[in-house]
Amino acid sequence: MSEGKTSRIPEFYKKSLEERLRIVAEFAGLTEEEAKLLRNFGNLDPKIADSMIENVIGAMSYPFAVAVNFLINGKDYIVPMVIEEASVVAAASNAARVMRRDGGIKSIATGPVMIGQIQVIGLKDPWYKRMLVLEHKDEIIQRANEADPVLVKLGGGAKDVEARVVEGPTGPMLIVHLIVDVRDAMGANAVNTMAERVAPLIERITGGRVLLRIISNLADKRLVRSYVKVYKDDIGGEEVVDAIVNAWAFAAADPYRAATHNKGIMNGVIAVALATAQDHRAIEAGAHAYAARNGRYEPLSRWEKDADGNLVGSLEMPMAVGIIGGATKVHPVARIALKILGVKTAIELAEVMGAVGLAQNFAALRALATEGIQRGHMRLHARNLAIMAGATGDLIDKVVEIMVSEGKINFAYAQELVAKLSKEGEADKK
Ligand SMILES: CC(C)(COP(=O)([O-])OP(=O)([O-])OC[C@H]1O[C@@H](n2cnc3c(N)ncnc32)[C@H](O)[C@@H]1OP(=O)([O-])[O-])[C@@H](O)C(=O)NCCC(=O)NCCSC(=O)C[C@@](C)(O)CC(=O)[O-]
Ligand SMILES: NC(=O)C1=CN([C@@H]2O[C@H](COP(=O)(O)OP(=O)(O)OC[C@H]3O[C@@H](n4cnc5c(N)ncnc54)[C@H](OP(=O)(O)O)[C@@H]3O)[C@@H](O)[C@H]2O)C=CC1
């Protein structure tokens, strides 16, 4: 225990939001101003915030931006993005601008099909029991669908059963996959409920013991495929095309680079996920598991040069997103984000997010393979630093210019320049 303070606070969750904040403020020595800032819920009703997660003491705002210029499957989209990193939104808009020919980016998502896993242990003859599970497929599907009549009425629900024998450190186990069409939901709650519902039946069929009953985030039956042709003349010629293809080849050959390459894709995907209140951890987990599906970590996208010397890119990744359920309907700003996007189904949202991921990847590769990432990115970052250091009006651009031209982009230097230039400005006025 430090300084007589303890973080063991029984029934903290039963206290009111105000009381919880008071306890934390006392524990951490927050000033009244700091506590007031936390208490500012902005566009989120405190009651909604308090019901979304546990132990809420405040709210935190992130900037809500939009990327423009997106033409996907022949339809124009303004894309909401919530993100803390400078240059991502500018880069997305910049890329989308050169991807508008021939109907824009093509993007096709498969059906919204998720996998629920049921782990059966304690079997001496898992291969034989696998057969018995498959023999009872219809019964298992029927039992699962009893758990979610709404989903079934909408055309979704459990559709298939698969069974695998997996060799683990504790011996073989039988893993039953419940294949569920979750329609417009992300689907985890729906699938988990079904997996729990069928577990006793599977125990009866196999004579084994069911342990875990949970959705898989390796959503490889719920993929988005996005692809685009970027005309060489729109991006500085064949030299740039070759440079981008070589940049991709680096990621294809080296997992250290592939991780960063995929991070660039996720810049766009997760920014849209945050704006629309998706489970972004599920999307990240799915993306990286899919990237490693061949036994080594690979880029989620591919860039090639076509016979005419133009750049062609394609992306394939899981995209478990919903427009119903989870927080999408609860958070009022997420509802506005979906309205700005104008998507009508979870499939359409997945298609937009795949297209944004591909565009985001292109923007980063183009910058990296030509002028380097720092010019565009750091220029925008320098702007943030100048503003944070107190610059306003014309002073922002002056501070940015100096930091960029001297290649010294950091907060301390921004503060130094603001102080110096402000003083000079004052002197000039006199
Ligand atoms: C930053 C740019 C866009 C500048 O690019 P530029 O060519 O200097 O910009 P421009 O002034 O010629 O404008 C081109 C278009 O960009 C957009 N644009 C331009 N400026 C703005 C702005 N201030 N705010 C909003 N949008 C902006 C806008 O759409 C504009 O078109 P217009 O509207 O003029 O017709 C470019 O350098 C770029 O795309 N860079 C890539 C930046 C990037 O990828 N950032 C992500 C963060 S780095 C990272 O995390 C990922 C990474 C890089 O590690 C991934 C990887 O390694 O693969
Ligand atoms: N590993 C993971 O990824 C996990 C994620 N989660 C969380 O699960 C949540 C997402 O679960 P999800 O099942 O999407 O959420 P919900 O349970 O909130 O929504 C799905 C339900 O909405 C109803 N519904 C109404 N209209 C539709 C429609 N058009 N399409 C589909 N369903 C419809 C259905 O039935 P009904 O009306 O009967 O509800 C359906 O079961 C997220 O919050 C996620 O963070 C939870 C556990 C694990």
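Whatever order the structure lists ligands and atoms in, that order sets their numbers, starting from 1. Not measured: the values here are computed from a predicted model.
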Legend entry - Min N/O separation D148 to ligand 2 under 3.5 Å: yes
Taking only non-hydrogen atoms of N217 and a 4.0 Å limit, the atoms of ligand 2 in range are 1 (N), 2 (C), 3 (O)
Check: of T328, L154, V152, D184, min heavy-atom distance to atom 27 (C) of ligand 2 comes from L154
Review item, side-chain donor-acceptor pairs of residues 316-335, under 3.5 Å, at least two apart:
residue, atom, partner, partner atom, Å
E316, OE1, R225, NE, 2.6
E316, OE2, Y290, OH, 2.5
T328, OG1, G325, O, 2.5
H331, ND1, V333, N, 3.1
R335, NH1, K329, O, 2.5

Return yes or no for this condition: an N or O of M186 is under 3.5 Å from an N or O of ligand 2. yes
So, does T110 use its side chain to make a donor-acceptor pair with the main chain of L223 at under 3.5 Å? yes
Notebook entry, point to check: For G326 and ligand 2, does the shortest N/O to N/O distance drop below 3.5 Å?
Noted result: yes
*Any side-chain heavy atom of R204 within less than 4.5 Å of one from L201?*
yes
So the atoms of ligand 1 within less than 4.0 Å of a heavy atom of A367 turn out to be 40 (N), 41 (C)
Decide, yes or no, whether a salt bridge links R383 with D397 under the criterion of side-chain N to carboxylate O below 4.0 Å. yes
Looking only at non-hydrogen atoms, the one of V98, N267, I373, N94 nearest atom 51 (C) of ligand 1 is N267
Original post:
Are any of the side-chain heavy atoms of E351 and N73 separated by less than 4.5 Å?
Top reply: yes
Review point. If we only count N/O pairs under 3.5 Å, is Q360 in contact with ligand 1?
Key: no
Heavy-atom side-chain contact between I244 and K305 under 4.5 Å
no
Polar side-chain atom of N262 near backbone of L300 as donor-acceptor pair, under 3.5 Å: yes
Judged by heavy atoms only, the candidate from G156, G322, A188, A147 nearest atom 46 (C) of ligand 2 is A188
Check your understanding: So is G187 close enough to ligand 2, meaning a heavy atom under 4.0 angstrom away?
Key -> yes
For the CG atom on N294, are there more than 12 heavy atoms of other groups (residues, nucleotides or ligands in this structure) within a distance under 6.0 Å? yes
A student checking ligand 1 against N69 at a 4.0 Å heavy-atom cut-off should list atoms 29 (O)
At under 4.0 Å between heavy atoms, what of A90 touches ligand 1? The answer is both
Ligand 1 atoms nearer than 4.0 angstrom to some heavy atom of A364 are 44 (O), 53 (C), 55 (C), 58 (O)
Backbone or side-chain N or O of A190 under 3.5 Å from ligand 2 N or O | yes
Min over H381, E85, R97, M266 of heavy-atom distance to atom 30 (C) of ligand 1 lands on R97
**Message:** For E162, is there any backbone N or O sitting under 3.5 Å from a side-chain donor or acceptor partner on R130?
**Reply:** no
_Please check: side-chain N/O of N40 versus main-chain N/O of G42, any donor-acceptor pairing under 3.5 Å?_
yes
For ligand 1 and K263, I'd like to know whether there is a polar contact (N/O to N/O, distance under 3.5 Å). yes
Per-atom filter on ligand 1: closer than 4.0 angstrom to a heavy atom of S93 are 29 (O)
So for D279 against ligand 2, with non-hydrogen atoms under 4.0 Å, the contacting part is side chain
* Thinking salt bridges, do K229 and D102 make one under a 4.0 Å N-O criterion? -> no
Exercise. Without swapping roles, check the side chain of D76 against the backbone of L71 for a donor-acceptor pair under 3.5 Å.
Key: no
Notebook entry, point to check: Below 4.0 Å from any atom of ligand 1, is there a heavy atom belonging to R379?
Noted result: no
With a 4.0 Å cut-off on heavy atoms, does R257 reach ligand 1? yes
Closest heavy-atom pair, M353 versus V269, reported as atoms and distance to 0.1 Å, is CE-O, 3.4 Å
Requested in this report: Measure from atom 24 (N) of ligand 2 to the protein's non-hydrogen atoms and state whether any distance is below 4.0 Å.
Outcome: yes
